[in-house]
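What you are looking at is a predicted structure, and each value in this text was computed from that prediction instead of being measured. Worth knowing before you read on, the calculation uses all heavy atoms, side chains too, and leaves out hydrogens, waters and symmetry mates.
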Amino acid sequence: MIPTRASPLIGSAVVALALCAGGGLRAETIKAHYGLSLMGLSIGSAYASGVLDPQSYRVDITMRTSGLANLVNSTKGAATASGGWTTVGPSPTAYANSTTNSDETRTVRMSLVANAVRAVEVKPEPWDAEQRIPVSDGNKKRIVDPVSALIMSVPQGQDMTGPAACNRTIAVFDGVTRFDVALSYAGGHTAQTRGYSGPVAVCSARYTPIAGHRPDSRSTRYMADNRDMNVWLAPLPEAHVVVPIHIDIKTGAGDLVIEASDFQIGSKHADSER
């Protein structure tokens with residue numbers, strides 16, 4: 001079974017996407033396949049597809065557990081996010097997520113403007129909602145959703161596999177919990193998978209719960225204290241962004257690895273060119 005408190009990070013880790021370079025008329029496309037493994041054993045897979053143009057983006061993700069994970073709790077999910085761009089990255093306007101396991105199906109729908117939540121609907125509400133730290137209005141500002149969180153720009157003139165690729169804190173709200181993911185540069189590496197072979201930046205990751213979680217949760221405390229989380233970011237030079245291609249997280253159940261086995265990025269003409 002995938003550890004509960006690792007799931008927000010997984011939701012943020014299963015797709016690698018690129019911001020299309022501004023000023024052009026071409027759109028960036030992506031189709032990717034990620035494998036999920038726990039202690040070296042396959043526990044599921046995820047598929048992602050997206051279209052990103054100079055004005056907007058849309059990303060769709062599906063995920064399903066398999067193998068031994070289904071003996072504990074079969075889980076499948078789908079998420080989508082869309083929005084536009086600011087000078088510092090994505091500005092989502094809509095996010096939706098549906099997750100089904102052996103016990104229930106939960107759906108989240110969220111609308112946003114200027115990186116702030118305008119409305120959010122969660123059905124059903126978490127059974128322990130009254131025991132969770134309340135999410136304030138302030139917690140819902142200057143945030144991105146878990147899917148849009150994967151689009152990370154690098155300042156022009158900076159090395160795309162150096163410290164500037166990693167050093168950032170991403171404020172995320174998934175409709176229930178508000179948390180930060182802080183990345184810091186840990187060195188370089190070479191990655192190779194179908195569709196990409198080359199240098200990547202290796203970042204250490206830290207998870208900080210902000211609101212929407214139970215203060216007495218052992219899994220939340222474990223993830224907040226966890227110093228064994230890493231993400232590899234692959235550069236896309238023309239767009240000047242970096243995107244996750246590999247993530248490994250130490251959990252109470254063993255090492256969880258999320259890795260792209262197929263990572264295909266292309267381009268197509270925008271409508272105005274047709």
Side-chain angles (χ1 to χ4, degrees), residues 8 11-32 47-62 78-98 107-122 135 137-158 160 164-165 168-176 178-181 183 233-244 263-274:
S12 298
V14 296
V15 61
L17 296 165
L19 172 61
C20 192
L25 294 176
R26 300 181 69 84
E28 198 85 27
T29 65
I30 185 169
K31 292 183 179 180
Y47 296 86
S49 63
V51 177
L52 305 92
D53 63 39
Q55 289 77 41
S56 63
Y57 68 91
R58 178 186 172 90
V59 179
D60 297 291
I61 305 168
T62 61
T80 183
S82 58
W85 310 110
T86 70
T87 56
V88 295
S91 180
T93 56
Y95 167 76
N97 178 51
S98 177
T107 60
V108 177
R109 296 184 182 278
M110 185 161 56
S111 62
L112 308 94
V113 60
N115 291 94
V117 177
R118 183 171 59 182
V120 61
E121 178 184 74
V122 180
V135 178
D137 289 341
N139 294 146
K140 299 177 183 178
K141 298 178 180 179
R142 297 177 293 279
I143 56 89
V144 293
D145 63 81
V147 175
S148 300
L150 273 288
I151 305 170
M152 290 172 274
S153 60
V154 178
Q156 291 292 331
Q158 296 294 317
M160 297 191 67
R168 69 187 75 231
T169 297
I170 307 170
V172 184
F173 180 58
D174 64 8
V176 175
R178 167 70 177 84
F179 57 95
D180 285 348
V181 177
L183 303 179
L233 299 177
L236 296 165
E238 292 185 6
H240 225 265
V241 299
V242 289
V243 296
F263 186 70
Q264 303 291 334
I265 293 177
S267 62
K268 70 176 185 177
H269 292 287
D271 291 340
S272 58
E273 289 186 81
R274 295 173 183 169

Min side-chain heavy-atom separation Phe173-Leu112 under 4.5 Å: no

Looking at Val108 and Gly175, what are the two nearest heavy atoms and their distance? CG1-CA, 4.0 Å

Can you tell me how far apart CE (Met160) and CG (Leu233) are? Round to the nearest 0.5 Å. 9.5 Å

Qualifying residues under side chain to side chain donor-acceptor pair (under 3.5 Å), relative to Ser56, sequence neighbours excluded: Asp53

Nearest heavy-atom pair of Val135 and Val176: which atoms, and what distance? CG2-O, 3.6 Å

Go through the structure and list residues passing ring pair (Phe, Tyr, Trp, His ring centres under 6.0 Å) with Tyr57, not counting sequence neighbours. Trp85

Do you know which two heavy atoms are closest between Pro90 and Ser148, and how far apart they sit? CG-O, 3.4 Å

Please report the closest heavy-atom contact between Ile61 and Val59, naming both atoms and the distance. CG1-CG1, 4.2 Å

Quick one: side chain to side chain donor-acceptor pair (under 3.5 Å) partners of Gln158, sequence neighbours excluded? none

Nearest 0.5 Å, what's the NZ-CD distance between Lys31 and Gln264? 10.0 Å

What heavy-atom pair brings Ala81 and Asp145 nearest, and what distance separates the two atoms? CB-OD1, 3.5 Å

Give the minimum heavy-atom separation between Arg178 and Ala171, together with the two atoms involved. NH2-CB, 3.3 Å

Ser91: partners by side chain to side chain donor-acceptor pair (under 3.5 Å), with sequence neighbours left out: Asn115

Mind checking what makes side chain to side chain contact (heavy atoms under 4.5 Å, CB included) contact with Thr93, not counting sequence neighbours? Ser82

Residue from Leu150, Val144, Ile143 passing side chain to side chain contact (heavy atoms under 4.5 Å, CB included) with Ile170: Val144

Going by the rule salt bridge (charged side-chain N to carboxylate O under 4.0 Å, His left out), which residues pair with Arg168 if we only count those two or more places apart in sequence or in a different chain? none

Does Val181 reach the side chain of Leu183, with side-chain heavy atoms less than 4.5 Å apart? yes

